[in-house]
Amino acid sequence: MPELTLHNSLTRRKERFAPLDPQHVRMYVCGPTVYDLAHLGNARPIVVFDVLSRLLRVLFPKVTYVRNITDVDDKINARAQESGEPIGAITERTTRDFHADIAKLNALPPDVEPRATEHIEEMIQIVERLIASGHAYAAEGHVLFAVATDPGYGKLSGHTPDELLAGARVDVAPYKRDAGDFVLWKPSSDDLPGWDSPWGRGRPGWHIECSAMSWRYLGENFDIHGGGSDLIFPHHENERAQSVCAFPGSHFARYWMHNGMLLVNGEKMSKSLGNFFTIREILAKAPAEAVRLLLLRAHYRAVLDFSDAALGEAKKELDRFYRALEKFPDIGAGDLSPSVADALCDDLNTPLALSAMHALADMALAGDFDAARALRAAGDVLGVLQLAPEAWFRGDGDDAGDIEAAIADRLAARKARDFARADAIRNELAARGILLEDGPKGTIWRRTN
């Protein structure tokens, strides 16, 4: 296998990936805040880092992939106040919905999926360490991180503290020593979630949650931290600062990876523009593997434009791959081909990997058994081609029973030598996008759109 190189947001260059322990790669990715259905933009990092975790498992003996659930947050509190639904009911329901939606996208579960509310003790411990070392201070029931005490602050985002402050929306409160200082702990009123702490009843700030959960499961130092590029500042900048300062001599994550933003029809996704879609809404109108493939057709660091036309092109690509596999029923996966491995090990270049998969499909369509097995192996790493070809072409519509009944009626008409009726049934199905293929084993059908 080739060496793996990854673009490190911290150094702004591609680097050879050298894990702290070659026998055990450790990765943390920011997960959802569970107050509503996950949207299309949320799907991209889920799919990108799922592919990375699959690749890492091919390359290394052991991988621990941690992706958190944020179940204490002011957005959740606001949703509960608006709807009257208890916070616990909101977080449980939306977590279940999230799991169901991403499972349809073939995203494998992470090795560990910690919830913020189950790690308050670790958060308090880190805050206490920061106060003891002079990097944080308590004021009016709040605890704030003193940005000026961290000489490396701004290194991840590439800006000075002054530049970061100018471009950020910050809460200028009288209890802050510096306007850029950010909250580690804040007081909670009786109607809000809260936990006892040395600073009174309160709840954690957003950034401290990920620091605590990554520390709990991956240690003071680990290999990869991932998320969307929108998290670089303030979330990841602040997360890195508080973790490095809480554990002197540590570097927290060695490689920072960020996926690019997602557009819909060339515009930023927005409810006001009418182009805001949940994962569930998209899955209702397109096969899940087509949605997943579309999310991989652009390089993960590039902006991705999601459109119905692009979704149709992704489905056609999968149609071609499945036609190649259709020639070899029940085929298993072989080894990852050098061309696909080279592409994925070059900073997860999924567009190049897909190009290599088309070359494999060409060979498989020409009867090359080994190429078909390599195509299946590539699909396993990209999380596609997970269905039997027959199942793919039939789709998951709820009209399968009606189609089977129509085929049975056609067969009966043919046996009765009523060929006009048989042809009419075929034409009726064709008008619905259902193609019939008669063969030695009977009639099979597939969808053409």
request  = Determine, step by step, whether Met27 and Leu52 satisfy the side chain to side chain contact (heavy atoms under 4.5 Å, CB included) criterion, reporting the C-alpha distance in whole Å, the side-chain angles of both residues, the deciding distance to 0.1 Å, and the verdict.
outcome  = CA-CA 10 Å; Met27 177 171 72; Leu52 179 59; 3.6 Å; yes
ask   = Could you walk me through whether Phe393 and Arg323 pass the side chain to side chain contact (heavy atoms under 4.5 Å, CB included) check?
value = CA-CA 9 Å; Phe393 287 117; Arg323 286 195 187 98; 3.4 Å; yes
ask   = Within 45° of the six-membered ring axis of Tyr300 and under 6.0 Å from that ring's centre, is NZ or CZ of Arg44 located there?
value = no
task = Take Leu130 and Cys245 through the side chain to side chain contact (heavy atoms under 4.5 Å, CB included) test and state the conclusion after the steps.
result = CA-CA 7 Å; Leu130 290 168; Cys245 290; 3.8 Å; yes
request  = Applying salt bridge (charged side-chain N to carboxylate O under 4.0 Å, His left out), name anything that partners Arg12, two or more places apart in sequence or on another chain.
outcome  = none
query = Which residue pairs pass the salt bridge (charged side-chain N to carboxylate O under 4.0 Å, His left out) test with at least one member in residues 33-43, sequence neighbours excluded?
reply = Asp36-Arg79
query = Taking the side chain from Glu82 and the backbone from Ala80, do they hold a donor-acceptor pair closer than 3.5 Å?
reply = no
Residues forming a ring-ring contact (aromatic ring centres under 6.0 Å, His included) with Tyr217, sequence neighbours excluded = His119
task = Just grab all the salt bridge (charged side-chain N to carboxylate O under 4.0 Å, His left out) pairs involving residues 195-213, residues at least two apart or on different chains.
result = Asp74-Arg203
inquiry  = Classify the ring geometry of Phe145 against His135: parallel below 30°, tilted from 30° to 60°, perpendicular beyond 60°.
reply    = parallel
message = Strictly distance-based, threshold 3.5 Å: is any side-chain N or O of His99 a donor or acceptor partner for the main-chain N or O of Pro109?
response = no
inquiry  = Check this for me, if you would: do Asp181 and Arg177 make a salt bridge, where the nitrogen-to-carboxylate-oxygen distance has to be below 4.0 angstrom?
reply    = no
inquiry  = Strictly distance-based, threshold 3.5 Å: is any side-chain N or O of Asp73 a donor or acceptor partner for the main-chain N or O of Thr33?
reply    = no
ask   = Does a side-chain N-to-carboxylate-O contact under 4.0 Å join Asp50 and Arg292?
value = yes
note = In this structure, CD of Glu15 is separated from CZ of Arg254 (nearest 0.5 Å) by 8.5 Å
key: His39: which of Phe98, Phe276, Phe277 passes ring-ring contact (aromatic ring centres under 6.0 Å, His included)   = Phe276
query = Without hydrogens or angle criteria, can the side chains of Thr64 and His24 be said to hold a donor-acceptor pair below 3.5 Å?
reply = yes
ask   = Could you state the interatomic distance from CG (Leu295) to CG (Leu40), rounded to the nearest 0.5 Å?
value = 6.0 Å
query = Should the ring pair Trp256 and Phe252 be called parallel, tilted or perpendicular, given that the plane angle runs from 0 to 90° and is split at 30 and 60?
reply = tilted
query = If you draw a 6.0 Å radius around CD in Glu3, do more than 12 non-hydrogen atoms from other residues or ligands fall strictly inside?
reply = no
task = Indicate yes or no for a side-chain donor-acceptor contact from Ser211 to the backbone of Glu239 under 3.5 Å, with no hydrogens or angles considered.
result = yes
query = Side chains of His258 and His236: do they bring a donor and an acceptor to under 3.5 Å?
reply = yes
key: More than 12 heavy atoms from other groups under 6.0 Å of CG on Asp230   = yes
Modelled atom types, side-chain donor and acceptor of Asn238 and Trp206, under 3.5 Å = no
query = Relative to the ring of Phe233, is the ring of Tyr153 parallel (under 30°), tilted (30 to 60°) or perpendicular (over 60°)?
reply = perpendicular
task = Indicate yes or no: does Lys155 engage Glu237 in a salt bridge with an N to O separation below 4.0 Å.
result = no
message = Can you tell me how far apart CG (Leu382) and CG (Leu354) are? Round to the nearest 0.5 Å.
response = 6.0 Å
task = For Tyr255 and Ala18, indicate whether the former's side chain and the latter's backbone hold a donor-acceptor pair under 3.5 Å.
result = yes
message = Measuring from atom OG of Ser243 to atom NE2 of His251, what distance do you get when rounded to the nearest 0.5 angstrom?
response = 12.0 Å
key: Check: Tyr65 main-chain N/O paired with Ser53 side-chain donor or acceptor under 3.5 Å   = no
key: CA sep, side-chain torsions, deciding dist, call: Phe17, Leu56, side chain to side chain contact (heavy atoms under 4.5 Å, CB included)   = CA-CA 11 Å; Phe17 178 63; Leu56 291 170; 4.1 Å; yes
query = Side chains of Asp191 and Gln81: do they bring a donor and an acceptor to under 3.5 Å?
reply = no
key: Verdict with supporting geometry, Asp380 and Arg376, salt bridge (Lys or Arg N to Asp or Glu O under 4.0 Å)   = CA-CA 6 Å; Asp380 286 348; Arg376 178 70 80 180; 5.8 Å; no
task = Using atom types as modelled and distance alone, determine if a side-chain donor or acceptor of Asp368 lies under 3.5 Å from a backbone N or O of Ala371.
result = yes
message = Determine whether His142 and Trp185 satisfy the following criterion, ring pair (Phe, Tyr, Trp, His ring centres under 6.0 Å), listing intermediate values before the conclusion.
response = CA-CA 5 Å; His142 296 75; Trp185 189 265; over 10 Å; no
task = Applying side chain to side chain contact (heavy atoms under 4.5 Å, CB included), name anything that partners Asp101, two or more places apart in sequence or on another chain.
result = Leu37, Ile279, Arg280
task = Can you measure from CZ (Arg115) to OG1 (Thr91) and round to the nearest 0.5 angstrom?
result = 6.5 Å
message = List the residues meeting ring-ring contact (aromatic ring centres under 6.0 Å, His included) with His358, not counting sequence neighbours, and say none if there are none.
response = Phe321
inquiry  = If we count only N and O atoms by modelled type, under 3.5 Å, do the side chains of Asn68 and Tyr28 hold a donor and an acceptor together?
reply    = yes
note = Which of Glu289, Glu390, Glu317 passes side chain to side chain donor-acceptor pair (under 3.5 Å) with Tyr322? Answer is Glu289
inquiry  = Rounded at 0.5 Å granularity, tell me how far OG in Ser337 sits from CZ in Arg373.
reply    = 13.0 Å
task = Identify whether the distance between the nearest side-chain nitrogen and carboxylate oxygen of Glu281 and Lys285 falls below 4.0 Å.
result = no
key: Salt bridge flag under 4.0 Å for residues Asp21 and Arg26   = no
inquiry  = If we count only N and O atoms by modelled type, under 3.5 Å, do the side chains of Asn265 and Ser307 hold a donor and an acceptor together?
reply    = no
